[in-house]
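Values below: every heavy atom of this structure, side chains too, minus hydrogens, waters and symmetry copies. Proteins come first, then strands; the chains are lettered A, B, ... in the order of their sequence lines, and each starts at number 1.
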There are 2 protein chains.
Amino acid sequence: MDKKTAVAQLGAIAQEARLDIFRLLVQAGTPGLAAGAISETLNIPNSTLSFHLKELSHAGLIAARQESRFIYYSADYAAMNGLLAYLTENCCAGDTACCPDSYCSPPQKG
Amino acid sequence: MDKKTAVAQLGAIAQEARLDIFRLLVQAGTPGLAAGAISETLNIPNSTLSFHLKELSHAGLIAARQESRFIYYSADYAAMNGLLAYLTENCCAGDTACCPDSYCSPPQKG
DNA sequence: ACTATATTTCCATAAATATAGAAATATTTC
DNA sequence: GAAATATTTCTATATTTATGGAAATATAGT
């Protein structure tokens, strides 16, 4: 994981609207949701939503796929897991027991 | 986990210098590091470092403890794990098998 | 109380980001 | 090809954030 990438991805979700969007997609699973459905669910105007979707997409946290007139957005789970692993990498100098939950991770390549 | 808190915490580490600082402290373990040691290790001017430490601290991601003339900063692992759990909460509508790694989590209270 | 060390606050400047209406683009159906 | 639906781009404005030098504050030893 590249540091610039991590900063971009964290910045992408460090914003209320985008955090809502991302979590909604994380919970929606691989099929994802159409832009209109997201807009309705979260009550975000189209132009604003479009701006935020582009930010998330540009950061690599979500993917878009066109299907007829709709564009479906879905969470990129591999990217999400990569980011979480980067944050917890080599936690407590490798002593994973120091973390109460299961998030500590050994060092990653890259 | 409160949404505003999550945004504040993500915003705190969505910045190169602060991400470096946070990861350094995550790896340093519970004893933490003195401000001067962080400044030297990461080559960040004192005033700039102080600003960033305050941001991280205010977001609740790190804790400070005074010891003689030094102020030791350390990662708040519970906060970190809470944030990660918030991001992955109810991943894929509860089907944790959809995530390749071990980050998916069931819904949390709050 | 003087000196040295550690850290923070003050300040001004520079840069990045969020918002949403209106217009534009793309796709499907008739 | 016109009408309807879905989404994006353009635009302007308002707000937030990052940087580091210089001065201020705090703690410890002599």
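Of the inter-residue distances, the one linking A/Met1 atom CE with A/Leu84 atom CG reads 8.5 Å to the nearest 0.5 angstrom.
A side-chain donor-acceptor contact under 3.5 Å links B/Arg65 to the backbone of B/Pro31. The backbone N or O of B/Arg18 sits less than 3.5 Å from a side-chain atom of B/Gln15, completing a donor-acceptor pair. At distances below 3.5 Å, not a single donor-acceptor pair connects side-chain atoms of A/Glu89 with backbone N or O atoms of A/Cys91. A donor-acceptor pair is defined here as one N or O able to donate and one able to accept, closer than 3.5 Å; no such pair exists between the side chain of B/Tyr86 and the backbone of B/Asn81. Judged by distance alone, the side chain of A/Gln66 and the main-chain N or O of A/Ser68 form a donor-acceptor pair under 3.5 Å. Between the side chain of B/Tyr73 and the main chain of B/Leu56, no donor-acceptor pair closer than 3.5 Å is present. For the pair B/Gln27 (side chain) and A/Asn90 (backbone), a donor-acceptor distance under 3.5 Å is absent. Judged purely by atom type and a 3.5 angstrom limit, A/Ser39 has no side-chain atom pairing as donor or acceptor with the backbone of A/Pro45. Panel note: side chain B/Ser50, backbone B/Asn46; no donor-acceptor pair is recorded below 3.5 Å.
Of the two residues near DNA chain C, A/Ala17 and A/Glu67, the one whose nearest nucleotide lies more 5' is A/Ala17.
Taking 4.0 angstrom as the limit, B/Arg18 places a side-chain polar atom (N or O) nearer than this to OP1 or OP2 of D/dA18. For the pair A/Gln66 and D/dA6, the criterion of a side-chain N or O lying under 4.0 Å from OP1 or OP2 is not met. Side-chain N/O atoms of B/Lys54 include none lying less than 4.0 angstrom from OP1 or OP2 on C/dT7. Between C/dA16 and A/Gln15, no contact under 4.0 Å exists linking OP1 or OP2 to a side-chain N or O.
Here the P atom of nucleotide D/dT19 and the CD atom of B/Glu16 are 9 Å apart, to the nearest Å. Computed from coordinates, the B/Ile62 CD1 to C/dT7 C1' distance equals 13 Å when rounded to whole Å. Between the CZ atom of A/Phe70 and the P atom of D/dT8 there is a distance of 13 Å, given to the nearest Å. Rounded to whole Å, atom C1' of C/dT17 lies 17 Å from atom CD1 of A/Ile13. Summarising the geometry, the separation between CG on A/Leu53 and C1' on D/dT8 is reported as 10 Å, rounded to the nearest angstrom. As rounded to whole Å, 10 Å separates atom C1' of C/dT17 from atom NE2 of A/His52. For the pair B/Ile21 CD1 and D/dA18 P, the computed distance is 11 Å after rounding to whole Å. Atom-to-atom, CZ of B/Arg65 to P of C/dA6 comes out at 16 Å; the value is rounded to the nearest Å.
When distances run from any side-chain atom of B/Ser50 to the nucleotides C/dT8, C/dA18, D/dT19, the shortest one goes to C/dT8. Side-chain proximity of B/Phe51 to D/dA18, C/dA18, C/dA4: nearest is D/dA18. For B/Arg69, taking side-chain heavy atoms from C-beta onward, the closest of the listed nucleotides D/dT7, C/dA18, D/dA28 is D/dA28.
B/Tyr73 comes within 4.0 angstrom of sugar-phosphate atoms only, judged by non-hydrogen atoms across all strands, and of no base.
Comparing the end axes of the helix from C/dA1-D/dT30 to C/dC30-D/dG1, each fitted to five base pairs by superposing C1' atoms of four pairs onto the next four, gives an inter-axis angle of 30° (nearest 10 degrees).
Near DNA chain D, defined here as any heavy-atom distance below 4.0 Å, the residues from residues 24-48 of chain B are B/Pro45, B/Ser47, B/Thr48, listed numerically.
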